[in-house]
Amino acid sequence: MSAPLAIIVGMDYTDAQRSAIATVDDPLLIVACAGSGKTQVISQRITEILRKPGVHPRNIVAFTFTNKAAAELQERANTLVAKEIGELPGLAEMFIGTMHGYALDTLQQHVPETFKFSVLDEVQTRLFIDRNSSKSGLTRTYARVQGSPKALQRYKDSRLYMQVMNILREDDVDKDLLPEDLIENLADYRRLLFGHNYFDFTDQLKTIVDLLDEDPADPIAGKLVRHVRDNIRYLVVDEYQDINPIQEKLIRGLTRWGANLCVVGDDDQTIYQWRGSAVSGILGFADRYNGVQTVTLDENFRSSVGVVSLGQSIAELNAGQRLPKKMVAAGHQKYDRGDLLALSFEDAAAEARWICDRITHMRGVPFHDAPDRDPRGLSWSDFAVLFRSVSNDAGPLVEEFKRRDVPYVIKGLTRLFEAPEVQACVKLYEYLIGQSAERNPQPVTAQDVRDAWLSAGLGLTDADLDAGMKVLDRARTLDRRRYRRITFTLQQIYVDFLTEVRVREERVPGDRTRGELAFYNLGKFSKVITAFEQINYKSNFRDLYERFLKFLTYQAPDYYAESDADVGYATPDAVIISTVHQAKGMQWPAVFVPAMRRNRFPASRQGGLNAFHVIPEEAVSDSDRYRGTEADERRLFYVAVTRAQKYLAVTFSPGEKARSRRSSDFFSFVTRNPYVLTAEASLPEERLEPRARHEIPEVTMSFSELKYLFECPYQFKLRFLYGFDHPIHEELGYGKSLHDALAEIHKRAIDRDLVDLSDVDELVDRHLNVPFAGDELTRQLRNSARAAIHRYLRENGAGLLNTLHSEQPIRVHVAAGVTVDGRIDLIKRLDTNETSIVDFKSTQRAQTEDINRDQLHVYAAGYRELTGSNADLVEVLNLDDSAASQREVVNEELLLGIRGKIQNAGDALRENRLPRKSSWCDTCERCDLVGLCRDNSGATVTP
DNA sequence: CTCCCACGGCTTTTT
DNA sequence: GCCGTGGGAG
């Protein structure tokens, strides 16, 4: 569904594409129109660079905007390299990913002080700010509303404060124009994050950007700077039009030592302005860098001439604010009169009816994916309906689809907290304190809990709930005054309850997807609990339930918007309903853009308190862009229109509200286009058997995910597809701390800097991070960490100079679209001159993670892809108990077999085949989610 | 036809 | 909190 691979592969490149591919020595700006084969060109260009003598994959860094785009580029580049160069050792060391991912990875490879840091997502950041409402600066910050300053309030304004903190760090802010106390609050906030060993999203970038400015001899930043100086020779930045000032600074920092820079983007598709991006970035690129070559990919291989010229005319509305270019159709889709429609309807229901009719009629219409391909009949998944606002406008269409049994998938805002099973979850915690958290609390009784769960449609019975209520009543009678600190009960109560009521995916009435969706929502709720518990672990237990419930009531619903489409890797053959934003980068044979109403598309600006009531407007240049302009809306409309390959219907029906009764100016603009008809024309008569475009979803697994997948596919599903979390453990982080300390020892050993016993205390202090342990336990853990490192140095210190790699990234690419990513703790040469792969393990304080021979051989396979040769040994080194270590010879047969096993696992994942173990076994015995899977009643399988 | 004012309603989302 | 709408005055 992404760029037209099929169209380009096997074909020659255009002159423009060829010149983009061949320009690898000068700074390059690739201006890529919609559908111009951008991803393919980038991949080919990367391949050309890798072909150059003396270039190692680690010399190349490529940034994408999202993880999804990264996976695609990764896969495309891997495929090309395999085809054109063959096996290329060390390919895993080429970085393709997001800027945030790069920042974190690189910091944690080269700056030991950050090894223990973890990243807070948006929800956790907000929880963190509220938890520390004064220390974070929140309640010491003032918003100036119509002249009079008003302090920000805990809970209520934390989201706003987060935005303020982000803008201050990400944008070019004139510090002289900021109030003094705001600058201090920002410093306090960053100190607070640092003190807790956290990065928020922004601080990852901010930290690396600041360090990259330093001198190569700097004691802290030096290693990082030298790494960049000595390794990075080619930097590629995709979606450059969406880059904001701090990201630009990262690019500067990475190219500071002369690396080649190539940026790729389309100024007409700048749609993330609320994140601080500005079209001016790409417009001024050629002026900011010396000797820039510009290549414009203006041929659109995706769409017919009708769609292309309509798109082009929309882009031209922004004349003066865009790069001069003219998108032309490459003629890969034929335009027929009647393909493009602009229709008005009496009301939303009529509009929905027509869309539904049209889709049903068009099913089976012959469609050529490419000019030289045999036609296939259009199927459900070839249709997309793109809304400016799914949450506001998609209702009538969804109703119609349901009524007519048209399969559909909603991407966009479907709210987690509106799902009945999640509302039932919230009831659990309301019951624990006896009332709801609203301003006028409603009493919540046992009967209310039972009703909520019975009506959630999970197939539970009264008897199940009898058992479940016992869990709640036990928790309720717990004397919370006796506990000074939280004892991580929220998740435990949840899992215990689900276990007692015996929820099972298969018990959910309806078809299989209904059960999957329900479990997906329940799993997400587990994640919600984790987010809360992680931030509030050192709070009073007394009002824990109350605060959690307030969080559930007032904050969480805003954040957890989930899409049904995310369940599993398998894409269903269904009509896509999506926001325009989420459709970026996609294409469909037929696209509908309904609800073209005034004040909706283009959207009217939102009022209310915003970041610029806190930050003086004049301190940020072009601060207007955060709020979105009409030009931004036109770009968004351009994105919507250019998703269509052949059929496009832009439609209007009056909204119910006064402000949306009239049609949008965009709609009348489309009406005037000569390629567009304002009345439906007849479709071709011919129909073929509908055949969905076959898409192979890309599967990338981490080593630990693969470990679960090998061990028990259903456990994998519960954890990684549905999202059920382990309850937090007091000693959590200990094993990671040991790993980090050892990593520093080995990295220093590679630089010929040997750690000795006298350094151990300092080393442990730097890396120990056990946030959930109390003082006494922390002391104990510190002591055992010291003892373990002492023991390690005594037993292995002599061999440290034989360290070859520490935390070495590896990747096993077994087949098209199946990849395993991971790191090998240690690779060393033994006295016997053999190479050994070492995985560290700590039994004493961390959860036992048994590693079996299969898993060890995954590492061996990774080593092979890294170096092109085989390791001799694989070992598991037990840090607490040397006697429990294992060491074995790499088994050639297992090594060959492992790729097949990984591929099978990947295929199973793609086909959503993730069954339970056939009977109760050791894995079940250790599994903390077994209560969601089966009873331990004999050896029989629960349905 | 223009101006003024009261009132109603309120998007998108990545890391 | 702010913007768009539309009724009513001028």
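The chains referred to below are lettered A, B, ... by the order of the sequence lines, with proteins before strands, and numbering in each begins at 1.
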**Prompt:** For the ring pair A:H613 and A:Y142, is the centre-to-centre distance below 6.0 Å?
**Reply:** no

**Message:** Donor-acceptor check, side chain of A:R625 to backbone of A:D622, threshold 3.5 angstrom: yes or no?
**Reply:** yes

**Asked** Does A:R76 reach the main-chain N or O of A:I42 with its side chain, forming a donor-acceptor pair under 3.5 Å?
**Response** no

**Message:** Mind checking if A:N392 touches a base, just sugar-phosphate, or nothing, with heavy atoms under 4.0 Å?
**Reply:** sugar-phosphate

**Request:** Tell me what A:E122 touches on the nucleic acid: a base, only sugar-phosphate, or nothing, going by heavy atoms under 4.0 Å.
**Result:** base

Mind calculating the distance between [atom1] ([X]) and [atom2] ([N]) to the nearest angstrom?
X	N	atom1	atom2	value
A:E248	B:dT15	CD	P	20 Å
A:N610	C:dC2	CG	P	8 Å
A:Y272	B:dT14	OH	C1'	6 Å
A:F637	B:dT12	CZ	C1'	16 Å
A:R627	C:dC3	CZ	P	9 Å
A:D393	B:dT12	CG	C1'	13 Å
A:E633	C:dG4	CD	P	12 Å

If you compare every side-chain N and O of [X] against the phosphate oxygens of [N] (OP1, OP2), does one of them come in below 4.0 Å?
X	N	result
A:S389	B:dT12	yes
A:Q582	B:dT12	no
A:N599	C:dT5	yes
A:T579	B:dT13	yes
A:N67	B:dT15	yes

**Message:** By nearest atom, which of the nucleotides C:dC2, B:dT14, B:dT12 is closest to the A:H613 side chain?
**Reply:** C:dC2

**Asked** Between B:dT13, C:dG4, B:dC10, which one does the side chain of A:R600 approach most closely?
**Response** B:dC10

**Message:** A side-chain contact here means heavy atoms from C-beta on lying under 4.5 Å apart; do A:E122 and A:R159 qualify?
**Reply:** no

**Message:** Measuring only between side-chain heavy atoms, which start at C-beta, is A:I243 closer than 4.5 Å to A:F63?
**Reply:** no

**Prompt:** Of all of residues 655-667 of chain A, which get a heavy atom below 4.0 angstrom from DNA chain B, listed by number?
**Reply:** A:K657, A:R659

**Complete:** Sorted by position of nearest nucleotide on DNA chain C, 5' first, the leading residue of A:R598 and A:L609 is A:L609

**Request:** Sequence neighbours left out, what pairs pass ring pair (Phe, Tyr, Trp, His ring centres under 6.0 Å) with at least one residue falling in residues 622-643 of chain A?
**Result:** A:F601-A:F637, A:F612-A:Y626, A:F637-A:F666

**Prompt:** For A:F194, does the CZ atom have more than 12 heavy-atom neighbours from other residues, nucleotides or ligands under 6.0 Å away?
**Reply:** no

